[in-house]
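Remarks on the structure that follows.
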Amino acid sequence: MSRPSFALVVAALVPVAAQAARLELLGPETTVSPDGFDVAVRLVNDQGQPADAKAATIEVEGGTAGPGRTDGLIRIFTITPADRAVKVKAAAGAATAGRTFAVGPP
């Protein structure tokens, strides 16, 4: 096999690094209410297009989460804080995201 042909075969066999879907955890940018607040989980596919996040789940430290509900392609959860900071971790398949929310005064 000639050098150029060998290079083409190797290039064809080496997998291209695929972009994975990413998860976005959306919520307030300022302190959150001790009475509760909403977070939204949005899934973006490997082409950068919004995808259905109905399978997204969350784990909460420093509070509790109500059952998720869907609104179009996003999944929304209501969080009730039990501490001065609430850590939220979202997952959908291999995609994950996390944020910490500071709880403000009432």
Side-chain angles (χ1 to χ4, degrees):
M1 187 179 295
S2 70
R3 290 260 183 223
S5 297
F6 178 74
L8 289 174
V9 169
V10 171
L13 295 177
V14 175
V16 176
Q19 288 183 329
R22 75 176 188 277
L23 204 57
E24 298 174 345
L25 183 57
L26 310 170
E29 295 295 325
T30 60
T31 57
V32 297
S33 170
D35 296 328
F37 63 100
D38 287 342
V39 295
V41 179
R42 185 170 88 158
L43 185 64
V44 179
N45 67 20
D46 56 352
Q47 288 86 31
Q49 301 297 318
D52 195 347
K54 69 180 172 189
T57 60
I58 64 169
E59 293 179 19
V60 178
E61 291 180 31
T64 57
R69 61 191 187 279
T70 56
D71 185 357
L73 296 176
I74 64 171
R75 188 124 170 101
I76 300 171
F77 297 88
T78 299
I79 311 273
T80 303
D83 206 346
R84 299 293 296 155
V86 178
K87 292 182 182 180
V88 181
K89 295 179 186 176
T96 61
R99 284 188 57 191
T100 300
F101 298 93
V103 180

Heavy-atom pair of closest approach, residues [X] and [Y]:
{"X": "Leu43", "Y": "Ala95", "result": "CD1-CB, 4.2 Å"}
{"X": "Val32", "Y": "Pro28", "result": "CG1-CG, 3.7 Å"}
{"X": "Ala65", "Y": "Val60", "result": "CB-CG2, 3.8 Å"}
{"X": "Pro34", "Y": "Gly104", "result": "CD-O, 3.3 Å"}

Heavy-atom check, side chain of [X] versus side chain of [Y], under 4.5 Å:
{"X": "Val103", "Y": "Val86", "value": "yes"}
{"X": "Phe101", "Y": "Ile79", "value": "no"}
{"X": "Leu73", "Y": "Gln49", "value": "no"}
{"X": "Val44", "Y": "Arg22", "value": "yes"}
{"X": "Arg69", "Y": "Thr78", "value": "yes"}

Between the side chains of Arg99 and Glu29, is the shortest nitrogen-to-carboxylate-oxygen separation below 4.0 Å, so that they form an ion pair?
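Looking at Arg99 together with Glu29, the answer is yes, because their closest N to O distance falls below 4.0 Å.
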For the atom pair CZ (Phe37) and OG1 (Thr31), what is the distance rounded to the nearest 0.5 Å?
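Between Phe37 CZ and Thr31 OG1, I get 10.5 Å after rounding to 0.5 Å.
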Test of understanding: clusters of I, L, V, M, F, W, Y form through side-chain heavy atoms closer than 4.5 Å, transitively. Do Ile76 and Leu25 belong to the same one?
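No, it is not one cluster - the side chains of Ile76 and Leu25 are not joined through contacts under 4.5 Å.
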So, applying side chain to side chain contact (heavy atoms under 4.5 Å, CB included) with Ile74, which one of Glu24, Lys54, Arg42 is it?
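When side chain to side chain contact (heavy atoms under 4.5 Å, CB included) is applied between Ile74 and each of Glu24, Lys54, Arg42, only Arg42 qualifies.
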